[in-house]
Amino acid sequence: MPPLTSRPEWKALAAHHETMRGVHLRELFAKDPQRGERLVAEAAGLYLDYSKQRVTDETLRLLLDLARACGVRARVDAMFAGEKINVTEGRAVLHVALRAPRGTRIVVDGEDVVPGVHAVLDRMAEFAGRVRGGAWTGFTGRPIRNIVNIGIGGSDLGPAMATDALRWYRDPRLTLRFVSNVDGADFVAATHGLDPAETLFIVSSKTFTTIETLTNARTARAWCVRALGDERAVAKHFVAVSTAESEVRKFGIDPANMFPFWDWVGGRYSMWSAIGLSVMLAIGPERFRELLAGAHAMDEHFRATPFERNLPVVLALLGIWYDDFFRAETQAVLPYSHDLGRLPAYLQQLDMESNGKHVDLDGRPVDYQTGPVVWGQPGTNGQHAYFQLLHQGTKLVPCDFIGFLRDLDDVGEHHPLLLANLFAQTEALAFGKTAEQVAAEGVPAFQVPHRTFEGNRPSNTILAERLTPAVLGALVALYEHKVFVQGAIWRVNSFDQWGVELGKALATRIAPELTARDEPRLTHDSSTNALIRRFRRSASA
Ligand code: G6Q
């Protein structure tokens, strides 16, 4: 494979960028009155308007040429075929199998994995039915009213995001809480006001060795046993979700109360597996299956649709256009939906852990930008905070706006106002306001530059009819595949995360140095040594 930046398709894009840098969206819209209806694509209940992007038909053609030249099609086929495309860990990458309908065949190491997926889903459904129906009781015979998921990273962000997003579909009798941080404040806040006799903990950890999760799980066990006065209570108040049965057993949870998944499910791609148990408990098995069906609809669209109409491919290429050619460093995700408040954090992990890589698949350092910094907050709140920089700052920040045509809550006149703000922001970012327009409004001359908006700030608008489980599934799968396509073009392994290892290893070394009775001999740098001593002095004061 030739290095990406020496490919003719890359060079053509670089040359084209020179001609596009100064082109304003005002011009592009003026030249093509149909643009707003032409540069759109639709699939799995999602409508994507990418007309407010700084692209022409030529840009799109060149980007599609790049995708083809980089073998994106073959990479997609390899993923769906269960090939071990996570090369550094020797694993297949099959979150698509987690939402494959019964009867589909996806083979890994000679075994069709789909029946196993459905067997676990059926067990989860049976369990969820018992908990939701009151048949699964706590140690004292009381029904479960509180679910606390203990997990971190991929074993937390997906379910936490999805249970918030699907608030409207949740069983109001169940309280859902999430504990992730090793900061004890998280555990205290999550269990505040809960009755241990009515609380079920789901310990979610692929490896079951993650220090934060095990620390929180031990604290939870002590909290439960202290209140209920009997070790046997653990069997009724703890279930595990993991790939590591022996570790689960070691912790003291009966494997009969364990829901398995598989090493071909990456942590940040796992909310569709048993890691989604808290989601299923919250919204019920049927709605959970709708979530999977929505994701599957996006999988099918991604697998089978020509690239020019393929939502994940189009999103990915637009991202690369800004990231690599305009050198935009970040990507904002702005849901105009309060329930999607945690989506930006979820996508932050999905994107940054997947594509925050500095070497290609062969281990060679890359000489181009890989994944962007992903950030965002729900609208309209952000408008009263950081949108100033989006409109008038010196940085180019491509934005994804996400909204729903219909509201789920009927509480008055909120929804048209919410959508008016979404549409207005994309319009203001794209077209701005010229100095002439500002002056014509009678604004004093000294204020004119301050009140001018240069515009030409690109955004996507993603709309769906309403926020349903299926739409959420499609939306998350859209971003999963977008990240995949970008990783394929950048030739990075989007499925490992070695970058988180060093800090973990150092923390394991430092933790005993903080608590050792005798003064330890510290051999870190002078800064780290001084910080450790400061902690020790404070602890012994
Ligand atoms: C995700 C990462 C990471 C992982 C957590 C939790 O892709 O691998 O966020 O999910 O470190 O790991 P465990 O599930 O093994 O506890």
Side-chain angles (χ1 to χ4, degrees), residues 17 20-29 35-36 39 48-55 59 314-338 340-348 350-352 369 371-404 417-435 437-438 441 443 447-463 475 478-479 482 486:
H17 174 250
M20 283 299 292
R21 265 197 336 203
V23 176
H24 201 288
L25 279 164
R26 289 186 204 121
E27 277 171 63
L28 296 175
F29 273 83
R35 187 179 167 92
L39 298 191
L48 166 67
D49 171 355
Y50 58 99
S51 62
K52 293 191 184 96
Q53 296 288 357
R54 293 168 65 174
V55 295
T59 321
V314 171
L315 272 195
L317 292 174
L318 293 169
I320 285 182
W321 178 232
Y322 294 110
D323 200 68
D324 288 294
F325 297 95
F326 283 84
R327 298 248 153 199
E329 299 264 319
T330 84
Q331 163 76 57
V333 180
L334 310 166
Y336 274 58
S337 158
H338 205 71
L340 284 184
R342 301 221 52 196
L343 184 71
Y346 176 82
L347 296 181
Q348 198 167 54
L350 175 66
D351 202 324
M352 293 170 74
Q369 289 285 309
V373 175
V374 177
W375 63 281
Q377 288 283 326
T380 58
N381 293 3
Q383 289 174 209
H384 299 264
Y386 53 79
F387 269 53
Q388 166 64 37
L389 182 148
L390 301 185
H391 286 287
Q392 290 189 314
T394 53
K395 294 176 177 54
L396 180 73
V397 182
C399 301
D400 283 358
F401 286 84
I402 301 169
F404 301 93
L417 257 183
L418 178 68
L419 271 279
N421 273 280
L422 187 168
F423 299 158
Q425 290 301 323
T426 71
E427 187 179 11
L429 286 165
F431 302 106
K433 196 171 182 183
T434 62
Q437 287 171 312
V438 177
E441 287 173 359
V443 167
Q447 274 191 357
V448 169
H450 300 278
R451 297 176 63 170
T452 297
F453 293 69
E454 70 181 10
N456 216 15
R457 297 174 182 231
S459 66
N460 288 310
T461 303
I462 299 171
L463 295 178
L475 186 64
L478 166 65
Y479 278 99
K482 169 201 168 174
Q486 294 188 326

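Since this is a predicted model, take the numbers as computed values, not measurements.
At a threshold of 4.5 Å between non-hydrogen side-chain atoms, the residues L28 and V23 count as touching. Counting heavy atoms from C-beta on, the side chains of H17 and W321 come closer than 4.5 Å. Here the side chains of M20 and T59 are in contact, with some heavy-atom distance below 4.5 Å. V397 places none of its side-chain heavy atoms less than 4.5 Å from the side chain of Y322. Counting heavy atoms from C-beta outward, L396 and P458 have side chains that approach closer than 4.5 Å.
For R54, there are no side-chain hydrogen bond (donor to acceptor under 3.5 Å, both in side chains) partners two or more places apart in sequence or in a different chain. The side-chain hydrogen bond (donor to acceptor under 3.5 Å, both in side chains) search around R451 returns Q447, not counting sequence neighbours. Residues meeting the side-chain hydrogen bond (donor to acceptor under 3.5 Å, both in side chains) test with T452, sequence neighbours left out: none. In this view, D323 and Q369, P372, W490 satisfy the side-chain contact (heavy atoms from CB on, under 4.5 Å) rule, not counting sequence neighbours. In this structure, the side-chain contact (heavy atoms from CB on, under 4.5 Å) partners of L48, at least two apart in sequence or on a different chain, are Y50, L311, V314, L315, N460, I462. Scored by the side-chain hydrogen bond (donor to acceptor under 3.5 Å, both in side chains) test, N456 finds no partners at all (sequence neighbours excluded). Remark: F453 engages H391, Q392, K433 in a side-chain contact (heavy atoms from CB on, under 4.5 Å) (not counting sequence neighbours). Judged as a side-chain contact (heavy atoms from CB on, under 4.5 Å), and not counting sequence neighbours, the contacts of L417 are N421. Contacts of F431 classified as ring pair (Phe, Tyr, Trp, His ring centres under 6.0 Å), with partners at least two apart in sequence or in another chain: F29. For the salt bridge (Lys or Arg N to Asp or Glu O under 4.0 Å) test, no residue two or more places apart in sequence or in another chain qualifies with E27. Remark: Y336 engages F401 in a ring pair (Phe, Tyr, Trp, His ring centres under 6.0 Å) (not counting sequence neighbours).
Atoms CG and NZ, from L317 and K482 in turn, are 10.5 Å apart once rounded to the nearest 0.5 Å. Rounding to the nearest 0.5 Å places CD of E454 at 11.0 Å from CG of L429. Atom CG of L389 sits about 6.5 Å away from atom OG1 of T394, to the nearest 0.5 Å. Rounded to the nearest 0.5 angstrom, L25 CG and E427 CD are separated by 12.0 Å.
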Acceptor/donor pairs from residues 326-333 side chains to any protein atom, 3.5 angstrom cut, sequence neighbours excluded:
from : atom 1 : to   : atom 2 : distance (Å)
T330 : OG1    : W375 : NE1    : 3.0
Q331 : NE2    : P398 : O      : 3.3
Q331 : NE2    : D400 : OD1    : 3.4

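Under a 3.5 Å cut-off, the side chain of Y386 and the backbone N or O of Q377 do form a donor-acceptor pair. In terms of modelled atom types and a separation under 3.5 Å, the side chain of Q486 and the main chain of A316 share a donor-acceptor contact. Of the possible donor and acceptor atoms, one in the side chain of T434 sits under 3.5 Å from a partner among the backbone N and O of Q437.
In terms of heavy-atom proximity, P344 sits nearest to G376 at CB-O, 3.4 Å. Here the shortest heavy-atom pairing between G36 and S51 reads CA-OG, 3.6 Å. Across every non-hydrogen atom of I402 and L475, the tightest pair is CG2-CD2, 4.2 Å.
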Set out, in order, the CA-CA distance, both residues' side-chain angles and the distance that settles side-chain contact (heavy atoms from CB on, under 4.5 Å) for L334 and L390, then state yes or no. CA-CA 12 Å; L334 310 166; L390 301 185; 4.3 Å; yes

